[in-house]
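Beneath this line is the structure, given in structure tokens, with notes to follow.
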Amino acid sequence: QHGARQRDALCLPAGQLLELGPMSAEEGGTLLDAWLAAADRRLTSGQRAAILDRFAAQGSPLFLRLAVEEARRWPDTLQDVQLGSDILAVVGELFDRLEREHGRQLVGHALGFLACTHARLGLSEDELLDALAADAETWAEFAAGARWELPARRLPVVVWSRLHFDLAPYLSPRAAEGASLLSFFHRELAEVAQRRYVEGRAAHLHGVLAGVLGVLARALGEDGRAWAGSPHALAELPYHLTAAERWDELYATLTDFTFLEAKAARVGVVTAAVEGREVTAYHG
């Protein structure tokens with residue numbers, strides 16, 4: 001059934017798809033050792049056996065990848081291995097650990113914003129940092145624990161760097177409208193983050209993103225005209241206004257001909273050389 005859903009979603013003939021079954025225990029052991037070697041990391045025989053025992057129940061390479069990332073943190077003295085029995089459990093344990101180490105609001109909002117934009121290819125690092133600073137709950141948690149007076153409402157680089165370092169193995173860089181974006185490297189992480197951090201709060205999170213993107217998109221150009229800001233913000237602003245149910249702002253934006261002109265001229269535009277001539281195409 002899963003394979004059939006994927007074929008329907010991709011709209012590809014069955015003959016052009018190859019559905020892979022579960023990996024064998026032997027294949028899992030080979031892959032585990034290769035990943036550990038690449039990370040210059042070794043596990044005790046007990047730790048390795050614990051991972052492979054749980055892997056054998058499902059044969060999922062994603063489970064193994066997530067387990068390896070957590071196992072890299074284990075000391076050699078660890079004997080009682082605590083590892084979820086399936087992908088969703090391992091992802092949940094990962095999010096629990098991130099919350100303990102970096103703060104519940106910071107992690108919850110960072111992952112929530114990424115989940116809100118997973119289907120849209122993600123957020124740029126600056127967009128995500130602006131959203132975290134703009135969110136009242138995240139900022140209140142951070143300001144309460146700060147040991148110095150903050151000169152501006154923006155997360156210090158060291159705070160974001162620590163969280164980004166721990167998130168990096170689970171993110172995949174993407175590109176859209178000239179922006180380098182951050183997004184979850186697999187949909188299961190986005191799905192867990194959606195259920196955990198977005199459900200019941202979607203309008204709030206999308207509203208914060210709409211506010212940030214609105215500022216980034218409305219920057220003035222050299223001619224003094226508005227909407228000369230980030231093309232990525234121009235592209236995504238209507239989506240987040242819709243998800244935030246901010247109907248008046250959405251109507252005002254979509255009936256602003258300056259916005260429409262800027263979006264048509266700068267979003268989804270691809271220029272390439274064809275037979276020695278410069279050709280411009282529009283998509284999206």
Side-chain angles (χ1 to χ4, degrees), residues 109-110 112-136 138-139 142 150-157 159-161 163-164 171-184 202-284:
H109 284 83
F113 290 137
L114 290 173
C116 284
T117 58
H118 183 68
R120 309 290 296 181
L121 299 183
L123 289 169
S124 73
E125 189 171 27
D126 284 343
E127 290 167 351
L128 180 54
L129 287 172
D130 286 350
L132 291 172
D135 184 84
T138 304
W139 188 255
F142 174 72
L150 303 169
R153 183 157 170 161
R154 188 168 181 84
L155 291 177
V157 173
V159 174
W160 167 244
S161 295
L163 178 57
H164 183 262
L171 300 178
S172 176
R174 301 181 184 181
E177 309 306 339
S180 178
L181 308 178
L182 301 175
S183 185
F184 292 114
H204 168 74
L205 294 175
H206 283 285
V208 173
L209 291 171
V212 167
L213 295 175
V215 171
L216 294 174
R218 284 189 180 90
L220 296 177
E222 294 180 358
D223 58 0
R225 301 185 70 186
W227 302 112
S230 159
H232 183 249
L234 278 170
E236 298 303 305
L237 178 58
Y239 170 78
H240 291 291
L241 287 173
T242 302
E245 300 180 358
R246 288 162 61 165
W247 308 120
D248 290 343
E249 291 179 59
L250 177 64
Y251 177 81
T253 300
L254 294 181
T255 55
D256 182 337
F257 285 99
T258 306
F259 169 82
L260 296 176
E261 180 183 25
K263 192 171 187 293
R266 303 177 61 217
V267 174
V269 180
V270 178
T271 301
V274 178
E275 296 181 352
R277 295 182 300 166
E278 191 174 84
V279 176
T280 300
Y282 300 86
H283 64 85

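Between atom CG of residue L250 and atom CG of residue L237 there is a gap of 8.5 Å, rounded to the nearest 0.5 Å. From T253, atom OG1 reaches atom CZ of R218 across 5.5 Å, with rounding to the nearest 0.5 Å. Between atom CG of residue D130 and atom OG of residue S124 there is a gap of 8.0 Å, rounded to the nearest 0.5 Å. Atoms CG and CG, from L155 and L128 in turn, are 9.0 Å apart once rounded to the nearest 0.5 Å. One distance of note links CG of L216 with CD of E236; it measures 12.0 Å at 0.5 Å rounding. Atom CG of L181 and atom CD of E127 lie 7.0 Å apart (nearest 0.5 Å).
Taking both residues in full, the closest heavy atoms of A179 and H232 are given as CB-CB, 4.0 Å, listed atom of the first, atom of the second, then distance. Minimum interatomic distance between A244 and A203 (heavy atoms only, all atoms of both residues): CB-O, 3.6 Å. Considering all non-hydrogen atoms of both residues, Y239 and C116 come closest at OH-O, 3.8 Å. In this structure, L163 and A110 approach most closely via the heavy-atom pair CD2-CB, 4.1 Å. When all heavy atoms of L241 and A210 are compared, the closest pair comes out as CD2-CB, 3.7 Å. Minimum interatomic distance between L121 and S183 (heavy atoms only, all atoms of both residues): O-CB, 3.5 Å.
By the 30° and 60° cut-offs, the orientation of the rings of H118 relative to F184 is tilted.
Annotation: side chain of W247 is not in contact with side chain of E249 (no heavy-atom distance under 4.5 Å). No side-chain heavy atom of T242 sits less than 4.5 Å from a side-chain heavy atom of H206.
No donor-acceptor pair under 3.5 Å is formed between the side chain of R246 and the backbone N or O of H240.
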Inset, instruction - Could you check W227 against D256 for side-chain contact (heavy atoms from CB on, under 4.5 Å), going step by step and ending with a plain yes or no? - result: CA-CA 10 Å; W227 302 112; D256 182 337; 3.1 Å; yes
Inset, instruction - I would like to know whether L209 and L123 meet side-chain contact (heavy atoms from CB on, under 4.5 Å); could you show each step before the answer? - result: CA-CA 10 Å; L209 291 171; L123 289 169; 3.8 Å; yes
Legend entry - CA sep, side-chain torsions, deciding dist, call: E125, H164, side-chain hydrogen bond (donor to acceptor under 3.5 Å, both in side chains): CA-CA 10 Å; E125 189 171 27; H164 183 262; 4.7 Å; no
